[in-house]
Protein chains: 2
Amino acid sequence: MAQQEAQQRRPSIHDVASHAGVSAATVSKVLAGVTTVKPENAQRVLDAVELLGYRVDPLASDMRRAKRRIIGAIMPEFESEFFGQMVSELEGLAEQRGYTLVAASSRESETREKEILARMHDWRVAGVVLAPVRNEHGPAAGFMKANGMTGVLIDRVLADDAFDTVSADSAAASAEVARALVGEGHRHVLVVGLGQQAATVRARLEGFRSTALELAPDIRIDVVLCESDVEPLRTLLRDYFSKREAGDDRPTAVYSLFLKGTLVALSEFRRRGWHCPNDISLVGFDDAEWMQVTWPAIAAVVQPVREIASNAMEVLFRRIEGEGGPPTARLEPCKVLMRESVGSPGSVPHSGGGDRQ
Amino acid sequence: MAQQEAQQRRPSIHDVASHAGVSAATVSKVLAGVTTVKPENAQRVLDAVELLGYRVDPLASDMRRAKRRIIGAIMPEFESEFFGQMVSELEGLAEQRGYTLVAASSRESETREKEILARMHDWRVAGVVLAPVRNEHGPAAGFMKANGMTGVLIDRVLADDAFDTVSADSAAASAEVARALVGEGHRHVLVVGLGQQAATVRARLEGFRSTALELAPDIRIDVVLCESDVEPLRTLLRDYFSKREAGDDRPTAVYSLFLKGTLVALSEFRRRGWHCPNDISLVGFDDAEWMQVTWPAIAAVVQPVREIASNAMEVLFRRIEGEGGPPTARLEPCKVLMRESVGSPGSVPHSGGGDRQ
DNA sequence: CTGAAAGCGCTAACAT
DNA sequence: ATGTTAGCGCTTTCAG
């Protein structure tokens with residue numbers, strides 16, 4: 001009821017035109033900032049606009065142009081800090097250039113990812129920022145290629161022969177983690193990952209492995225990769241530790257290659273009554289706000305969200321504006337925050353200064 | 001380069017029409033599911049559609065209608081689990097009804113909130129789900145009213161005379177927290193909140209206060225409300241505890257009325273070397289995944305995101321379809337998860353079984 | 001049952 | 001400097 005009453009039709013460009021005593025074309029010109037309009041008329045148009053509260057309909061306006069001033073963003077999920085920040089950044093960047101960001105979540109499904117992309121194509125978006133579920137070889141990227149869409153791939157991606165890519169320098173970050181862990185004296189480390197994210201997981205794993213082996217050739221690196229989802233990982237991890245514990249050869253540190261893995265690891269430690277860093281050390285790829293307020297604070301690799309977002313948008317708009325050239329592949333450096341969850345192995349259990357409770 | 005080559009113009013409805021040997025109007029009818037089309041022609045249309053890979057341009061299609069099949073969602077931020085989940089839910093619900101969700105973040109700014117709303121109005125969205133920065137009396141809600149927009153208000157809102165509202169039953173949840181805390185023996189509790197979120201904060205505060213006082217008339221309830229942002233709260237809290245510690249009358253429990261407050265409290269506890277629940281108990285409004293993997297696990301009020309989202313969409317679509325009647329105000333029940341961060345006051349410090357480290 | 005015509009609100013040539 | 005014309009891609013009367 002209350003919602004209905006003010007439903008008056010919005011003024012169109014013609015309403016403005018007649019109020020100002022000019023043609024719609026002139027109104028359009030004034031609003032577009034064309035300078036060849038007689039100042040007097042321009043003023044009358046502006047007055048009419050003001051009076052009627054006129055605003056151009058961006059969609060109708062785009063209808064006439066080739067590409068619409070819309071950027072599509074496709075993220076695997078919206079629930080995590082990382083992608084939330086990413087969407088937020090992208091939104092601001094798009095707005096700065098007069099575009100609207102339309103974000104969608106693929107919910108970690110490649111099928112859905114492609115459907116969304118098709119919808120974005122239907123919308124004739126000017127460009128797409130795609131954070132693929134798996135990697136650059138998924139069906140979504142294929143769809144973009146096949147349909148000549150303009151886009152940039154971010155995050156779970158290394159390089160591509162058709163699209164520009166921007167992501168965190170996983171390998172370098174992992175190397176730094178390796179240096180830190182080896183430096184603390186760890187010689188048996190478990191690396192936890194999700195096979196799904198193929199390319200980046202491999203980069204993170206190899207970055208760690210090569211540096212670790214270089215610094216400590218005798219280091220033992222176990223790997224628990226879960227192909228499918230996060231839940232199975234919980235089981236995998238439980239089994240892994242059960243076996244090692246029996247044989248008394250459990251790792252002294254865990255490096256999780258993705259956020260959910262860090263949560264799973266932490267939860268498994270809880271179950272076993274292990275505490276960081278006395279019983280085991282932990283570093284995770286992906287930082288989160290809570291990691292610095294828990295006790296112990298959790299060491300983490302911080303991805304440069306802002307840099308990824310701004311570089312992605314920059315390169316995307318260059319393509320939108322028609323710039324040619326081969327696809328570029330950017331890697332943005334991460335920060336590694338070594339917090340309390342990492343310590344030296346073999347320190348007397350439960351000895352620690354501030355590590356009670 | 002590679003991105004350019006496949007840029008062929010997409011087939012329009014006329015292309016389909018000529019391929020099928022019918023008019024565009026007929027194609028439109030077939031695609032709209034009108035049954036009065038000769039089956040033979042319908043089939044030819046479908047074949048042509050298939051052949052050309054034709055898909056309707058949803059924006060062009062909406063152009064002809066009064067309202068576009070777009071739902072706008074405005075959230076205060078995208079970075080938190082709560083709003084991330086909310087957007088995700090809303091997206092799915094909108095899609096189910098053939099609409100596209102366009103989400104935007106007001107970044108906790110009422111000014112921006114109104115700007116975004118204006119843009120959504122320009123887009124002629126069919127309806128808006130607004131999670132206001134502050135409450136139902138902000139400029140954004142005013143704008144919606146003034147322009148006869150269809151919408152529903154969620155989260156930081158209690159009831160409104162112009163729009164339907166859906167939110168968590170803050171008062172009931174707070175009452176439950178009060179029962180739990182009083183039950184554990186707490187007689188001095190600090191409540192932490194953000195004044196900005198006026199209505200809900202008051203509901204949460206009063207829900208707690210009234211129940212607590214009823215159960216334990218001698219209880220002492222301190223309140224630290226921060227008007228502006230989160231950062232100042234950190235200082236406020238620090239000062240608060242410094243004073244109490246000197247006088248040795250610090251509270252035995254803290255109830256934070258919003259997520260960031262929980263983080264700030266936790267961080268302050270760290271600074272002081274206090275551990276939950278031995279040194280102090282903690283409950284926070286708003287749950288997060290990490291709260292169950294830390295040691296101790298943090299007690300929290302879980303907001304019913306799915307219920308809020310689905311009820312909001314339901315009532316919104318009813319309005320979109322023209323249903324009248326006075327605005328409704330729904331309150332969805334929360335779950336209170338009493339985890340390890342809550343214990344009895346005065347238990348011997350650092351005594352606890354599983355609470356080491 | 002089908003197609004021609006008339007737009008939705010706007011912009012870009014092309015005249016004037 | 002401005003208006004006229006012709007659409008963008010689609011849907012919807014309304015005759016046939």
Side-chain angles (χ1 to χ4, degrees), chain A residues 7-46 48-49 52-70 98 100 119 121-126, chain B residues 7-46 48-49 52-70 98 100 119 121-126:
Chain A
Q7 289 285 17
Q8 347 86 350
R9 207 186 96 274
R10 289 192 69 172
S12 84
I13 198 169
H14 289 106
D15 299 322
V16 177
S18 59
H19 264 257
V22 295
S23 75
T26 304
V27 176
S28 179
K29 280 170 192 151
V30 173
L31 266 28
V34 173
T35 54
T36 61
V37 179
K38 192 160 44 161
E40 187 194 311
N41 279 346
Q43 193 51 54
R44 304 185 56 177
V45 167
L46 264 14
V49 166
L52 300 175
Y54 171 77
R55 302 187 118 224
V56 289
D57 178 336
L59 262 31
S61 153
D62 277 358
M63 191 100 257
R64 206 42 190 72
R65 315 178 191 271
K67 286 273 191 265
R68 329 246 231 227
R69 281 158 305 183
I70 298 173
T100 295
R119 199 170 57 209
H121 190 214
D122 294 344
W123 275 48
R124 280 130 174 100
V125 297
Chain B
Q7 288 287 16
Q8 348 86 350
R9 207 185 96 272
R10 288 192 68 173
S12 84
I13 197 168
H14 289 106
D15 299 322
V16 176
S18 58
H19 264 257
V22 296
S23 75
T26 304
V27 175
S28 178
K29 279 169 194 151
V30 172
L31 265 29
V34 173
T35 54
T36 60
V37 179
K38 192 161 40 161
E40 186 194 312
N41 279 344
Q43 193 52 53
R44 304 185 56 178
V45 167
L46 264 16
V49 165
L52 300 175
Y54 171 75
R55 301 187 118 223
V56 219
D57 178 336
L59 262 32
S61 153
D62 277 357
M63 191 99 256
R64 200 57 183 69
R65 316 178 191 271
K67 287 273 191 262
R68 329 246 231 226
R69 281 160 304 184
I70 299 173
T100 296
R119 199 169 60 209
H121 190 214
D122 294 344
W123 273 48
R124 280 132 174 98
V125 296

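Computed from a predicted structure; not experimentally measured. Protein chains get the first letters and strands the later ones, always in sequence-line order, with residue 1 at the start of each.
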- Scan residues 32-45 of chain A against DNA chain D and write down, sorted by residue number, each residue with any heavy atom closer than 4.0 Å; if none is found, say none. A:Thr36, A:Val37, A:Lys38, A:Asn41

Between [Y] and [X], is there a side-chain heavy-atom distance shorter than 4.5 Å?
X: A:Leu59; Y: B:Arg124; answer: no
X: B:Asp57; Y: B:Met63; answer: no
X: B:Pro58; Y: A:Arg119; answer: no

Output the single nucleotide from [options] whose closest atom is nearest the side chain of [X].
X: A:Arg9; options: C:dT2, C:dG9, D:dT4; value: C:dG9
X: B:Val56; options: D:dC8, D:dT11, C:dC8; value: D:dT11
X: B:Ile13; options: D:dT11, D:dT12, C:dG9; value: D:dT11
X: B:Thr26; options: D:dG9, C:dT2, C:dG9; value: C:dT2
X: A:Arg65; options: C:dG9, D:dT11, C:dA12; value: C:dA12

[X] [atom1] to [N] [atom2], straight-line distance once rounded to whole Å:
X: B:Asp62; N: D:dG9; atom1: CG; atom2: C1'; value: 12 Å
X: B:Arg55; N: D:dC10; atom1: CZ; atom2: P; value: 12 Å
X: A:Asp57; N: C:dC8; atom1: CG; atom2: C1'; value: 9 Å
X: B:Tyr54; N: D:dG9; atom1: OH; atom2: C1'; value: 7 Å
X: B:Met63; N: C:dT11; atom1: CE; atom2: P; value: 11 Å
X: B:Arg10; N: D:dG9; atom1: CZ; atom2: C1'; value: 11 Å
X: A:Arg68; N: C:dT11; atom1: CZ; atom2: C1'; value: 14 Å
X: B:Leu59; N: C:dG9; atom1: CG; atom2: P; value: 14 Å

Looking only at heavy atoms, what is the nearest atom pair of [X] and [Y], with distance?
X: B:Ala24; Y: B:Ile13; result: O-CD1, 3.7 Å
X: A:Val27; Y: A:Ala17; result: CG2-CA, 3.6 Å
X: B:Ala48; Y: B:His19; result: CB-CB, 3.9 Å

- Message: Under 4.0 Å from OP1 or OP2 of D:dT11: is there any side-chain N or O of B:Ser28 that close?
- Response: yes

- Message: Looking at D:dG3, I'd like to know if its phosphate oxygens (OP1 or OP2) sit under 4.0 Å from a side-chain N or O belonging to A:Ser23.
- Response: yes

- Query: More 5' along DNA chain C: B:Arg124 or B:Lys29, using each one's nearest nucleotide?
  - Reply: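 Looking at the nearest nucleotide for each, B:Lys29 comes out on the 5' side.
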
- Item | Any N/O donor-acceptor pair, A:Arg64 side-chain to D:dG7 base, under 3.5 Å |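 For A:Arg64, whose side chain was compared with the base of D:dG7, there is a donor-acceptor pair (under 3.5 Å).
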
- Checking salt bridge (charged side-chain N to carboxylate O under 4.0 Å, His left out) against B:Asp15, which of B:Arg9, B:Arg55, B:Arg10 comes through? B:Arg9

